[in-house]
2 protein chains.
Amino acid sequence: MKSAVEPLKARRIYLLLRDRIVTGELPPGARLPGEPALATEHAVSRVTVRRALDLLEKEGLVQRKPGSGTFVHDTRAVRPIVADLSNVLSHLIDMGRSTDVRLLSFGYVVPSEAIAASLGLQPGERVQRSVRVRLIDGEPFSYLTTHVPEWIGLTYSEAELAARPLLELIERSGVETDRATQAINATLAGPDAAAALDLEIGSPLLTLTRIVYEPSGRGVEHLHAQYRPDRYSFHMDLVRTGNDGERRWSPALGRPRSSDKSKTDKIKTEKSKSGEKPTRAARVIKQRS
Amino acid sequence: MKSAVEPLKARRIYLLLRDRIVTGELPPGARLPGEPALATEHAVSRVTVRRALDLLEKEGLVQRKPGSGTFVHDTRAVRPIVADLSNVLSHLIDMGRSTDVRLLSFGYVVPSEAIAASLGLQPGERVQRSVRVRLIDGEPFSYLTTHVPEWIGLTYSEAELAARPLLELIERSGVETDRATQAINATLAGPDAAAALDLEIGSPLLTLTRIVYEPSGRGVEHLHAQYRPDRYSFHMDLVRTGNDGERRWSPALGRPRSSDKSKTDKIKTEKSKSGEKPTRAARVIKQRS
DNA sequence: CAAACCTGTATTATGGATCATACAGGTTCC
DNA sequence: GGAACCTGTATGATCCATAATACAGGTTTG
């Protein structure tokens, strides 16, 4: 019996340290354990620890000072974008931040059985499939794959999809949308999503799968979204609704009441180093929401 | 110049194929390229391809048929548990499935800065920290870390925490809880969570961070939950609420309309096949909700 | 200054991942 | 039946990640 394939130890340690940094367990400026300590702690050699630290340093997450130690880079305070339940980036628009959309793929295909079933299609019926990447201030944070029944997709062009929200185009075609279901989950980044989101393969991603229905019950849009957890997360306020013995929470509708001065609300608006990172030519169309 | 640490080739191919499957590019039932084809396509040896397929097979994503090919498994064996937004496993109770709780750790510590801030504590103030694992039908699916201010934690014992929901104990101490905030995100499994959830380090996890407040605004509970994405996911129904031009969704309150026969909370007390799966000695206390 | 840390660098040894190749046996299709 | 696929299995060679160890040089602290 061969032992199961297991990730490189260096990569494992890199991921663990990276997680402790981005989750705030190791706050900016903190000095992390010395290389010998990390080596014994994880039962690996010091060489392996160094390779993990090499990756963190290359990524700009830590800074090494010979003779002194390795420290969490402080200027890396990019707090994740916060979206409410309806997946609306209300804060962003208020703050004048720009979101761009890059259309990576566009075409008509025969969908997988699962997607066909969720949209209520006949076997063999085709759908329009598109892959888009959404960026905020030039940084990618979501990787969207959408499937729309062909008869709806044909009512708009590729250029229109790149420029306007998909749901708007669907409704423009005369379709009414009144309800949807969605599921939130987690997965690992595949090669395509990793490349689009500027991540390494195997990074964790937050996923959202949403199916939009028209009143008759037919599905009109299947959305599969993958988010960088360090740049995007779902947030909601809850209120107690259960009676007496029942302990239950329900989402508080309306605008989230930004909790007093909880530090999660501090969103840096300016990021002055604009223009340094020219986006690839390609198709980049500015789009609201 | 040392070459950068790069993931095992087998793992990379595993992730690549996995991505093509979950995104629907390779629909259930489809036969994926032969091992020699995959080997040349990715410029690796056939042995390496086989190791990638081994992982997919062990995960239940593909099925191999000697002489015929490797096929995407049609029926996802285990369907994840579905929880609604309030994190209530309503379905489970309906179905008479049992959830157990295992208390892994219990003690009083000085919390990290982030947790102290979220609970509104003074520097140096101590909290009660507990780590629990929740199981369904004997299989672990969530890893919970809770922090509670010391003055509340002292009102109940370790045994009580293992037997009763934490929120109930908090309220029993005289504290009122009326609102909470929570964030959903994704991360990678660390050593502790991986061991508790029977996963490999580096597996993706769905996380929920919830802070419960009393009316005065002080935090009374900090909950950090990590879920196995293959056994747990958040699900919600949405309805259109935006006016005219605004495309907006709001969570539909009330019971999810997924299963028509959603009876009111029938709580099955018995678990007929008891005694068959003897949980490890340790402390395992049955607990409702 | 000196002791005790730290990172940076180099060495050799070893085991595991990978490669290239070959063959056995089942399935598909003509 | 037979050709052309496929997966399953075995082999030995090679390469690379890792381990173990040692030493150099900077930083911190008393």
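Numbered from 1 within each chain, the chains take letters A, B, ... in sequence-line order. All figures in this text were calculated on a predicted structure; none of them were measured in a lab.
- Looking at which nucleotide of DNA chain D each of B:V47 and B:A37 is closest to, the 5′-most match is held by B:A37.
- In this model, no donor atom of one side chain and acceptor atom of the other lie less than 3.5 Å apart for B:S203 and B:R228.
- At a threshold of 4.5 Å between non-hydrogen side-chain atoms, the residues A:R231 and A:S142 do not count as touching.
- Here D:dT9 is the nucleotide among C:dG8, D:dT18, D:dT9 with the atom lying nearest to any side-chain atom of B:R46.
- Residue A:K65 contributes atom NZ, which lies 18 Å from atom C1' of D:dG25 at whole-angstrom precision.
- Side-chain proximity of A:R31 to D:dT28, C:dC6, D:dG8: nearest is C:dC6.
- When distances run from any side-chain atom of B:R50 to the nucleotides C:dT7, D:dA19, D:dG8, the shortest one goes to D:dG8.
- With DNA chain D read from its 5' end, the first of the two nearest nucleotides for A:S45 and B:L53 is the one closest to B:L53.
- Rounded to whole Å, the distance from CG on A:D54 to P on C:dT7 is 12 Å.
- Listed nucleotides: D:dC6, D:dT18, C:dT18. Nearest to the side chain of B:A10: C:dT18.
- Taking 4.0 angstrom as the limit, B:S68 places none of its side-chain polar atoms (N or O) nearer than this to OP1 or OP2 of D:dT7.
- Note: NZ (A:K9) to C1' (D:dA20) measures 13 Å, nearest angstrom.
- The nearest whole Å value for the distance from the CZ atom in A:F71 to the P atom in C:dC6 is 11 Å.
- Taking atom CD of residue B:E57 and atom C1' of nucleotide D:dC6, one finds them 15 Å apart after rounding to whole Å.
- Between C:dC6 and A:T70, no contact under 4.0 Å exists linking OP1 or OP2 to a side-chain N or O.
- Going from atom CG of B:L38 over to atom C1' of D:dC5 covers 15 Å, rounded to whole Å.
- Judged purely by atom type and a 3.5 angstrom limit, A:T70 has no side-chain atom pairing as donor or acceptor with the backbone of A:L32.
- Remark: side-chain polar atoms of B:Y108 are paired, donor with acceptor, to backbone N or O of B:G153 under 3.5 angstrom.
- Set against C:dG8, D:dA17, D:dG8, the side chain of A:R51 has D:dA17 as its closest nucleotide.
- If you measure from atom NE2 of B:H42 to atom C1' of C:dA17, you get 18 Å, rounded to the nearest angstrom.
- Between A:Y232 and A:Y227, the ring-plane angle classifies as parallel under the 30° and 60° cut-offs.
- The distance from atom CZ of A:R64 to atom C1' of C:dT7 is 8 Å, rounded to the nearest whole Å.
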